[in-house]
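So the structure is just underneath, and the comments pick up after that.
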Amino acid sequence: MTRYLVTSALPYANGPIHFGHVAGAYLPADVYVRTLRMQGEDVLYVCGADEHGVAITIGADREGLSYADYVARWRDEMKAVFDHLGIEFDVWSGTSISPPHRELSQEFFRRLDDNGYLIERTTEQLYCTTDAMFLADRYVVGTCPNCAHEGARGDECPSCGTWLDPLRLLEPRCKVCGTEPERRSTRHWYLDLARLAEEHLRDWFAAGEWKPNVRAFVETMLKDLRERPITRDMSWGVPVPEDRAGGETGKVLYVWFDAPIGYVSFTKEWAEREGRPEAWRDYWQDADTRLVHFIGKDNIAFHCVVFPAMLWGVKQDYVLPWRVPANEFYNLQGRKFSTSENWGIPVEEFFARHDSEVARFYLLSSLPETADSEWRWEEYQRVANTSLADTIGNLATRVLRFLDKRFDGRVPELHARHEAELDRAILEECGPLTDPADSVRAFQFRRAAEALVANAAAANVFVDRHAPWKLAKEDPELAASVLNTCCEWLGWLARWMAPFLPGKAQALWAMLGQPGRVADAPWPGLPEAGSWRSLPAGQRLGEVQGLFPKLDDEAVAAEIAALEARASG
RNA sequence: GGCGAGGUAGCUCAGUCGGUUAGAGCACUGGCUUCAUAAGCCAGGUGUCGCGGGUUCGAGUCCCGCCCUCGCUACCA
């Protein structure tokens, strides 16, 4: 048994979760966790909201809410989406509410400081007297010194593409209130990434196994590492430890610094709740633990460079990431998901009309694993109808309804003289069989989804070749053996389905008359001739019902029309 | 600008170490079947592998140049 600590990127508590986020970082992680658990691994799945930072204070001010209320609202709303989709964390928390978070973040700061990885520096920055805050680059707008474009941002001019510094902008204004900011000097702490890379990070990364997109990005970044500020002048966040602030007040840890520490804080929170307060160390400070970060590609720098640098720099034997299966971006019907342009699928409406398990499966079969991909309603319909309803759902009903009619709704008997022949037929002659878990472990979820459908399709071939409805008249014993084989196969299918379609898998499990939770059954792997059957003959089957609803063309057209109507209205 | 990823059948994509005639699913057509949610099975066609050059006995695959799409570009998180 191997120990795994799995994380999904902490979603920023400043807006809704959409299917793009789900496909990028949450659903694959959930499937990975469920699969490993069925395979007997020790897995902890940690997530929570990222709740600090200036964007949140601005959002809360705009809505007249306290920061705490504002992030709590998004925290709860995001959790509701995860619940709908069956994404189950062992702990879901938030960086502003997790009890250990403040102390732990400050401890990271102190230890990095003690170990010589922090640099203090005083610089001039723009300060808005109206909003009483220093302005981050993107919160300053002004006139571009290069092309005179009036809408230039503090970091870049969108017109000529020049890299800017806010201090270079002509007629700078605060993006929030329009006031002209003044220059003030301020002292901050910087993380010495260059030194951390020199001492350990480069070697560590070079020895790892990474997806091509991750390796390429990080190797470029490692060539030219600058120090990064880790503090900010504001009130919302984890305060810089008083014993290190040197009299400075009003400074907090910069949100990118405290956010990933949330993974650790939340693990500690989980351990406390379990009544084993030291158990978090098993996951974070045991060299054999495999730390897996599921993220979108925009987060590669943090999870493969900055956070590992922090984990190593505190010299507390923290494990560094083992794999970072960063996904590309997921779009919607040809365009980017966009809250501001109303280009999205309102999740509550979606769940009112559609089956969330089907959504899970469709998302998994279209994940942006190697390139950007997208949600297309036409493809959603195809997957829902062809792969799920026709291939998997119909397999179950064609077998089980026949048994209801002709075999008293019980698992038929396998006659010993048929076993070898039928094993050979289903295992070798009805199409290639593959273990979906192999692909899941390689982070190839699309392939795993395909394997699942292919394994079901093989049983359809088997049924057709043996035509039990004919055999029932000519050779009832052989018919029974054939249908016994089909029942067993459905049992395997239910277990193969469990990580992908947990609810449907359970429904199928119950239809077979199996007690308990299918997720508690061990992962079946691939069946081997002579030893793969386990259902007792005569076992009563459960009530047969259709597993998957079908989606007609009108429904699809209506969804696309609604999508476009929202965007234009 | 820099960096990265991608460009393969009508659509979505797979192609390992360079190796036979470039594959799968969907869609489409024909046949079979009637257990099943009008579901299932069998059979069938389709390619300037983005463009140009190079290396090689042999290139979708390796090298160089170019074109197109998307993303990142680190004090937004």
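Chain naming here is simple, since letters A, B, ... match the order of the sequence lines and numbering starts at 1 in each.
The residue K336(A) sits close only to the backbone: its heavy atoms come under 4.0 Å of sugar-phosphate atoms, none of a base. Among the heavy atoms of the strands lying under 4.0 Å from P229(A) is at least one base atom, whether or not backbone atoms are also near. Using a 4.0 Å heavy-atom distance criterion, F302(A) is classed as a base contact. Contacts of R228(A) with the nucleic acid, taken as non-hydrogen atoms under 4.0 Å apart, include base atoms. Within 4.0 Å of V306(A), counting heavy atoms only, lies no atom of the nucleic acid at all.
Comparing the same atom, P, in G60(B) and in G7(B) gives a spacing of 15 Å after rounding to whole Å. Only the C1' atoms considered, C66(B) is 23 Å distant from C72(B), to the nearest whole Å. Spacing of C1' atoms, A14(B) relative to G6(B), comes out at 15 Å, to the nearest Å. A24(B) and C42(B) have their P atoms separated by 13 Å, given to the nearest Å. Separating the P atom of A39(B) from that of A27(B) is a span of 10 Å, rounded to the nearest Å. Between U34(B) and G47(B), the distance separating the two P atoms is 37 Å to the nearest Å. Here the separation of G18(B) from U61(B), taken at their P atoms, is 11 Å to the nearest Å. Rounded to a whole angstrom, the distance from the P atom of A9(B) to that of G50(B) is 8 Å.
Paired with H52(A) under the rule ring-ring contact (aromatic ring centres under 6.0 Å, His included), one option of Y67(A), W236(A), Y70(A), Y12(A) passes, and it is W236(A).
Spacing between atom CG of L222(A) and atom C1' of C3(B) amounts to 13 Å, rounded to whole angstrom units. One interatomic measurement links the two molecules: CG of L490(A) to P of G40(B), which rounds to 16 Å at whole-angstrom precision. Residue W256(A) contributes atom CH2, which lies 15 Å from atom P of U73(B) at whole-angstrom precision. What separates CZ of F402(A) from P of U37(B) is a distance of 13 Å, to the nearest Å. If you measure from atom CD of E328(A) to atom P of C72(B), you get 10 Å, rounded to the nearest angstrom. For the pair N385(A) CG and A27(B) P, the interatomic distance rounds to 10 Å; values are reported in whole Å. Atom-to-atom, NE2 of H303(A) to P of C72(B) comes out at 17 Å; the value is rounded to the nearest Å. As rounded to whole Å, 13 Å separates atom C1' of A36(B) from atom CE of M511(A).
With G71(B), A39(B), U12(B) as the choices, the nucleotide that has an atom nearest any side-chain atom of D372(A) turns out to be G71(B). For T386(A), whose side chain is taken as the heavy atoms from C-beta onward, the closest listed nucleotide among C26(B), A74(B), C76(B) is C26(B). Nearest nucleotide to the side chain of D464(A), out of C41(B), A36(B), C26(B): C41(B). For N460(A), the listed nucleotide lying nearest its side chain is C41(B); candidates were C76(B), C41(B), G71(B). The side chain of K297(A) lies closest to G71(B), out of G71(B), U12(B), U37(B). If you check C35(B), C70(B), U37(B) against the side chain of A389(A), the one that comes closest is U37(B). Residue R401(A) places its side chain closer to U37(B) than to any other of C72(B), U37(B), C35(B). Here the nucleotide nearest the side chain of V463(A), chosen from C35(B), C76(B), G71(B), is C35(B). Side-chain proximity of K470(A) to G40(B), C13(B), U34(B): nearest is U34(B).
A distance cut-off of 5.5 Å between ring centres, combined with a plane angle under 30°, places W469(A) in a stacking arrangement with the base of C35(B).
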Exercise. Could you spell out the base pairing of RNA chain B in dot-bracket, with Watson-Crick or G-U pairs whose two distances are under 3.5 Å, [ ] crossing and | to another strand?
Worked result: (((((((..((((.....[...)))).(((((.......))))).....(((((..]....))))))))))))....
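K405(A) meets the salt bridge (Lys or Arg N to Asp or Glu O under 4.0 Å) test with no other residue; sequence neighbours excluded. Remark: E474(A) engages no residue in a salt bridge (Lys or Arg N to Asp or Glu O under 4.0 Å) (not counting sequence neighbours). E543(A) is linked by a salt bridge (Lys or Arg N to Asp or Glu O under 4.0 Å) to nothing, counting only residues two or more places apart in sequence or in another chain. A search for side chain to side chain contact (heavy atoms under 4.5 Å, CB included) contacts involving E378(A) returns Q333(A), R376(A), I560(A), not counting sequence neighbours.
A donor-acceptor contact under 3.5 Å links the side chain of R226(A) to the base of A74(B). For a distance-only test at 3.5 Å, the side chain of D390(A) fails to qualify as a donor-acceptor partner of the base of A39(B).
Applying the 4.0 Å criterion to OP1 and OP2 of U33(B), one finds that R465(A) has every side-chain N and O outside that range. R447(A) has a side-chain polar atom (N or O) that falls below the 4.0 Å cut-off from OP1 or OP2 of G15(B).
Positionally, the nearest nucleotide of RNA chain B for S365(A) lies more toward the 5' end than for the other of R406(A) and S365(A). Residues S373(A) and R398(A) both approach RNA chain B. Their nearest nucleotides, taken by heavy-atom distance, put S373(A) toward the 5′ side.
Taking the charged nitrogens against the carboxylate oxygens, R73(A) and E63(A) do have a contact shorter than 4.0 Å, which makes a salt bridge.
RNA chain B is contacted by L547(A), F548(A), K550(A) of residues 547-554 of chain A, taking any non-hydrogen atom closer than 4.0 Å.
Residues Q444(A) and D438(A) bring no donor and acceptor atom of their side chains to less than 3.5 Å of each other. With hydrogens and angles left out, the side-chain atoms of S366(A) and Y330(A) include a donor and acceptor closer than 3.5 Å.
A cation-pi geometry, defined here as NZ or CZ lying under 6.0 Å from the six-membered ring centre and within 45° of its normal, does not hold between K336(A) and F329(A).
Between W377(A) and H354(A), a ring centre-to-centre spacing shorter than 6.0 Å is recorded. Ring pair Y362(A)/W375(A): centre-to-centre distance below 6.0 Å. Here F302(A) and W256(A) bring their ring centres to under 6.0 angstrom of each other.
Residue K175(A) qualifies as open at atom NZ: its count of foreign heavy atoms under 6.0 Å is 12 or below.
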